[in-house]
Amino acid sequence: MIKNKTEKRVPLTPDVKRKLKFAEEEIKNLKKENRFIVPRILNSEQKPVSVIDGKKVINLTSNNYLAMASNPEVKKAAIEAIKKYGVGSAAVRTIIGTMEIHRELEKKFAAFKNTEDSILFQSGFTSNVAVCQTLMNREDYLLISDELNHASIIDGARLAKAPRMIYRHKDMKHLKEILESEQSKKAKRKLIVTDGVFSMDGDIAPLPEVVELAKKYDAIVMVDDAHASGVIGNQGRGTVNHFNLDGKVEIQIGTLSKAFAAVGGYAATTKTLRDYLGSVARPFLFSSSQPPSVAATCIKILEILLTEPKHLKKLWENTEFFKTELKKYGFDTGESVTPITPIMVRDSAKAVKFSNMLFDEGVFALSIVYPTVPKGKERLRTIVTAGHTIKDLEFAVSKFVKVGKKLAII
Ligand SMILES: *Cc1c(COP(=O)(O)O)cnc(C)c1O
């Protein structure tokens, strides 16, 4: 546990405290709505079985799909990079923060995604912001977005000058209507943005249809594969590869923060667009580059992905096992076809209680409530990893059943 050391400090003046007192009221309101967040603390490495808040639990909550966060080979590669390149670049990419290892990783991600080149950003979040803001920088452009796209796409759209139109989740009829609208016809450039795998429900975008419509109506397609890179497609190449659309999608976003266990993001695209983003995208220009150990981490994980199929195989075996077991006991696991498995509760307080009771039983599955998901769609969200054993998952399911019955969820 972390203890607050009592060290001498100059006390804040009453005036400083008074000006910030509004946060008290805000917190009160958040608490009323079950939205006040006090995160649990990880006391161990991010692992399939972790120590959280001092307790050893089956961890079904991270995005550590391939269990690479604690992989000894990967750790070694990161340490070697620190020895060779130091701990950080202390500069933005365009000043003197581009190390050869950053470019090496960009080339490797480009090959992985079957594109000409790629550009790294500080996170998946900033990748989306950077691309949406840059490509949609005029009022006579149009950004078209799935209603369940990630918050970073929404924020990217807010920073863009172009207006946006939102289509109902995966509704291709609606997308077509939008593409045929007057506003769309007038637009000088159109960008359709969709998550590849949707982060809360674990369902996959209908990419073949999106790409076909985009072709017909001359729109650029951007797929955010944060939850798909290192997870689906041949060797984990993502949804574009999964649907045999290699070479047919203009921009693929990936993250280094999920299956790749580090932190960062990238846009894989043409060499030309890459170079353009590298000269104007604001997060690239005004925020420093990743520590070299992060690049080394991802280079090693890519190498493992491409040479050791067992990790992906295990991830999907575990996914299949876990979903089948939960369904067998009557849990509603929604529309998921990926390792993200929601367990629907449909009530805020109950979802929180479910999560807490499971934790007491030795299983960590976080509750997700409004506004992250719509009211009435509250749930626990689980992600199995390649590092869980069948025994871990059997244990977890037995606890879901025990607590689920107590709370009359099944
Ligand atoms: C997690 C996530 C991101 C953000 O990625 P970070 O690297 O954590 O910033 C972006 N898009 C989607 C769909 C995500 O699930």
Side-chain angles (χ1 to χ4, degrees), residues 39 42 46 61-66 68-69 102 105-106 109 113 118-133 143 145-159 166 169-170 191-207 210 221-233 236 238-240 242 249 251-268 281-284 287-291 294-295 297-298 301-302 334-342 366 368 371-373 379 381-383 385:
L42 189 57
Q46 187 68 271
T61 297
S62 80
N63 301 308
N64 186 22
Y65 287 103
L66 300 168
M68 287 295 157
H102 293 123
L105 180 59
E106 287 175 335
F109 272 136
K113 292 287 179 177
S118 84
I119 179 166
L120 285 172
F121 294 98
Q122 298 80 4
S123 68
F125 196 108
T126 45
S127 307
N128 282 329
V129 168
V131 177
C132 291
Q133 186 186 25
L143 190 150
S145 180
D146 185 291
E147 67 177 336
L148 291 191
N149 277 345
H150 190 259
S152 53
I153 293 171
I154 297 170
D155 284 14
R158 285 176 182 155
L159 284 170
I166 312 292
H169 183 48
K170 297 195 299 188
L191 177 68
I192 304 174
V193 190
T194 181
D195 283 10
V197 168
F198 290 87
S199 51
M200 289 301 136
D201 292 286
D203 53 340
I204 304 184
L207 274 193
V210 171
V221 176
M222 166 174 163
V223 179
D224 177 2
D225 256 350
H227 278 286
S229 301
V231 177
I232 78 171
T239 51
V240 172
H242 168 78
V249 169
I251 303 156
Q252 299 178 59
I253 302 295
T255 174
L256 322 187
S257 328
K258 288 175 175 147
F260 286 86
V263 66
Y266 60 93
R282 294 172 67 82
F284 193 81
S287 184
S288 295
S289 59
Q290 279 114 344
V294 163
T297 296
C298 296
I301 293 174
L302 261 177
E335 304 293 308
S336 170
V337 287
T338 65
I340 299 171
T341 302
L366 191 67
I368 311 274
T372 310
V373 292
R379 66 194 66 186
R381 173 171 169 270
T382 62
I383 297 182
T385 74

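Every number for a ligand or one of its atoms is a count from 1 in the order of the listing.
Protein residues having a heavy atom under 4.0 Å from any atom of ligand 1 are Ser123, Gly124, Phe125, Asn128, His150, Ser152, Asp195, Ser199, Asp224, Ala226, His227, Thr255, Ser257, Lys258, Gly264, listed by chain and number.
Donor-acceptor pairing under 3.5 Å is lacking for the side chains of Asp225 and Ser229. Counting only N and O atoms by type, the side chains of Asn128 and Asp224 include a donor and acceptor under 3.5 Å apart.
Checked against side-chain hydrogen bond (donor to acceptor under 3.5 Å, both in side chains), Thr338 has no partners two or more places apart in sequence or in another chain. Not counting sequence neighbours, the partners of Asp201 by the salt bridge (Lys or Arg N to Asp or Glu O under 4.0 Å) test are Arg379. Under the ring-ring contact (aromatic ring centres under 6.0 Å, His included) criterion, Phe198 pairs with His169, not counting sequence neighbours.
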Original post:
What's the verdict on ring pair (Phe, Tyr, Trp, His ring centres under 6.0 Å) for Tyr266 and Phe260, showing C-alpha distance, side-chain angles and the deciding distance?
Top reply: CA-CA 12 Å; Tyr266 60 93; Phe260 286 86; 7.5 Å; no
